[in-house]
Protein chains: 2
Amino acid sequence: MAVQISELTISRLSLYLRLLNELEGKGVKTVSSKELAQAFGLNAALIRKDLAHFGDLGVRGLGYVVKTLQRELRSILGLDRNLKVAIIGAGNLGLALADYPGFRKEGFEIVALFDNFPSKVGKESRRGVSIYDIQELKNIAHCDGIGIAAIAVPEKSAQNVVNTVVEAGIRAILNFSPGTLRVPEHVKLKSVDLTVSLEGLSFYLARESRNEGV
Amino acid sequence: MAVQISELTISRLSLYLRLLNELEGKGVKTVSSKELAQAFGLNAALIRKDLAHFGDLGVRGLGYVVKTLQRELRSILGLDRNLKVAIIGAGNLGLALADYPGFRKEGFEIVALFDNFPSKVGKESRRGVSIYDIQELKNIAHCDGIGIAAIAVPEKSAQNVVNTVVEAGIRAILNFSPGTLRVPEHVKLKSVDLTVSLEGLSFYLARESRNEGV
DNA sequence: TTTTGTGAACTAGTTCACAGCT
DNA sequence: AGCTGTGAACTAGTTCACAAAA
């Protein structure tokens, strides 16, 4: 089972799961790759290939049993194990992430915020996530078994914070700071770059108005 | 010039520009594709191909002139035209986005927040972005020339909000709500799905611990 | 000599099309 | 009959390797 599964496949599995949750709520029993494909604007074969990586999850002639596939995807994505998340940076964005309802839904638990700004330490977010000094990260990460750190600090301190997070033994990082960050081989870093996203849209608008003139 | 340029290339152009800004600040005059490649962990040929889409931007034997390339990339990405952005949804996330310093840096201007919650309308974000009723979007979008809408509303109202945004004549949307959204052909939608990002990391951790047992 | 710009080769990702199971 | 699972074909994206320019 040394087959490397692509990031693109993994992202799509999350989407499939979200729809399955919805279907399950509506009492739908089975769903075909064709129906899933339509819902996401994807090719049905792609969905079957994505799922086939993890065994014969479907039933020929019938499709996929919603509850079964839901359970399988949860297990594949590791959502059957109440994963704990720490947010580093108690600025506007960090506080918003700490209280973001979408994170809590699929079994993630936001256990703590961290900051190095003394006046913030000891306070908490609106929904009651406590803010600790970043110095305490290592201790708390070990005691509480934090699996993922989300980083929402200014660009200039981001690499330092990443180093601290790595030293604390955390092996998965969701980064919201701009700029390129280095992590060791065994740590998984995923970056959400808001500036890059916005500039992509700007490019689209700029090209559009250029083409109007042609 | 009907060549379609890939989203991946566009995202990388943003990264290149960010580094060029930094180099320019340090007074560096030229930079080679090799140096850029090292900074981002990419292949040098890829960077040359990305840039070659837009003409002969480099100088053989020398590399790229920092200031020239910076200006070119700004123009390519449409950042030479002070683009106006509206944030829809004045919850925690919307307010955080409205005050996000990274957006202001490259010439984007956050001009307004919108919400349908009466008690929020009339207030403003910490940095002074005013909150308007979503009903007023069409008017303000036209008067102020809003180019991009960022959507940070709960999943269940997201499609409605997108429809309102499209009706207001906005043709580029950055979406932070989970779920699949439909937009007409002429509108560009980019989604940042926080749940999908987090679940991607969870998958990585889950697979790791499975493999430990093998 | 250095480094770009680019055809050719390669790798990854998607779609087609159909055998095989229910 | 219907739908999965999958080899084969295709498309997109990246890297190699080198001619051409400064």
Side-chain angles (χ1 to χ4, degrees), chain A residues 1-16 19-20 23 28-73 76 180 196 200 203, chain B residues 1-16 19-20 23 28-73 76 180 196 200 203:
Chain A
M1 233 272 213
V3 223
Q4 183 57 34
I5 286 145
S6 107
E7 296 269 321
L8 296 169
T9 294
I10 304 309
S11 300
R12 286 190 300 261
L13 294 183
S14 289
L15 298 180
Y16 306 158
L19 185 58
L20 287 168
L23 292 176
V28 177
K29 297 297 175 205
T30 66
V31 67
S32 67
S33 60
K34 196 177 161 187
E35 291 168 307
L36 288 170
Q38 261 156 0
F40 299 113
L42 299 172
N43 182 289
L46 180 60
I47 289 172
R48 296 201 296 278
K49 278 240 158 100
D50 280 343
L51 298 174
H53 281 113
F54 305 96
D56 290 12
L57 269 34
V59 186
R60 286 165 200 242
L62 184 72
Y64 299 87
V65 175
V66 171
K67 281 194 178 173
T68 312
L69 187 55
Q70 197 184 20
R71 189 170 54 243
E72 285 292 336
L73 287 180
I76 291 164
T180 313
V196 169
F203 170 81
Chain B
M1 233 274 213
V3 223
Q4 184 57 34
I5 286 146
S6 109
E7 296 268 321
L8 296 168
T9 293
I10 304 308
S11 299
R12 287 190 299 261
L13 294 183
S14 289
L15 298 180
Y16 305 157
L19 184 58
L20 287 169
L23 292 175
V28 177
K29 296 298 175 205
T30 66
V31 66
S32 68
S33 60
K34 195 176 162 189
E35 290 168 309
L36 287 169
Q38 262 158 358
F40 299 114
L42 299 172
N43 181 288
L46 179 59
I47 289 172
R48 295 201 296 277
K49 279 241 157 95
D50 281 344
L51 298 175
H53 280 114
F54 305 96
D56 290 13
L57 270 34
V59 185
R60 287 168 199 240
L62 185 72
Y64 299 87
V65 176
V66 170
K67 281 194 178 172
T68 311
L69 188 55
Q70 197 184 20
R71 189 172 53 242
E72 285 293 336
L73 287 180
I76 291 164
T180 312
V196 168
F203 170 82

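Model, not experiment: these values are computed from the prediction. Per chain, numbering begins at 1; letters A, B, ... match sequence-line order.
Side-chain nitrogen and oxygen atoms of S33(A) include none within less than 4.0 Å of the OP1 or OP2 phosphate oxygen of dC3(D). Side-chain N/O atoms of R12(B) include one lying less than 4.0 angstrom from OP1 or OP2 on dT14(D). Checking the phosphate oxygens (OP1, OP2) of dT2(C), no side-chain nitrogen or oxygen of Y64(B) falls inside 4.0 Å.
S11(B) places a side-chain N or O within 3.5 Å of a backbone atom of E7(B) that can act as its donor or acceptor partner.
Where V59(A) and D56(B) meet DNA chain C, the nucleotide closest to each residue was compared, and D56(B) sits on the side nearer the 5' end. Nearer the 5' end of DNA chain C, as judged by each residue's closest nucleotide, is the contact made by A44(B), out of L46(A) and A44(B).
Atom P of nucleotide dC21(C) and atom CG of L62(A) are separated by 17 Å, given to the nearest angstrom. Straight-line distance from the CG atom of L36(B) to the P atom of dG5(C): 12 Å, rounded to whole Å. Note: CZ (F40(A)) to P (dT15(C)) measures 15 Å, nearest angstrom. One can place CG of N43(B) at 12 Å from P of dT4(C), the figure rounded to the nearest angstrom. Spacing between atom CD1 of I47(B) and atom P of dT4(C) amounts to 10 Å, rounded to whole angstrom units. For the pair E35(A) CD and dG2(D) C1', the interatomic distance rounds to 12 Å; values are reported in whole Å. F54(A) has its CZ atom 15 Å from the C1' atom of dG5(D), to the nearest Å. If you take CG of L57(A) and C1' of dG5(D), they are 12 Å apart, rounded to a whole angstrom.
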Verdict with reasoning, Y64(A) to S32(A), per side-chain contact (heavy atoms from CB on, under 4.5 Å): CA-CA 6 Å; Y64(A) 299 87; S32(A) 67; 6.0 Å; no
K29(B)/V65(B) under side-chain contact (heavy atoms from CB on, under 4.5 Å): CA gap, chis, key distance, verdict: CA-CA 6 Å; K29(B) 296 298 175 205; V65(B) 176; over 6 Å; no
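Minimum atom distance to the side chain of L8(B) is reached by dG13(D), of the listed dG13(D), dC16(D), dT4(C). For A52(B), whose side chain is taken as the heavy atoms from C-beta onward, the closest listed nucleotide among dG5(C), dG5(D), dT4(C) is dG5(C).
Side-chain atoms of R60(B) stay outside donor-acceptor range of the base of dT3(C), with no qualifying N/O pair under 3.5 Å. For dT14(D), its base never sits under 3.5 Å from the side chain of K49(B) at any donor and acceptor pair.
Nucleic acid contact class of L42(A) (heavy atoms, under 4.0 Å, all strands): none. Using a 4.0 Å heavy-atom cutoff across all strands shown, L51(A) reaches no nucleic acid atom at all. Residue-level contact check: S6(B) touches the backbone only, with heavy atoms under 4.0 Å from sugar-phosphate atoms and none from bases.
For the side chain to side chain contact (heavy atoms under 4.5 Å, CB included) criterion with R12(B), the lone passing option out of L51(B), I47(B), L46(B) is L46(B).
In this pair, F203(A) and F54(B) present their aromatic rings perpendicular. The plane angle is above 60°, beyond the 30 to 60° band.
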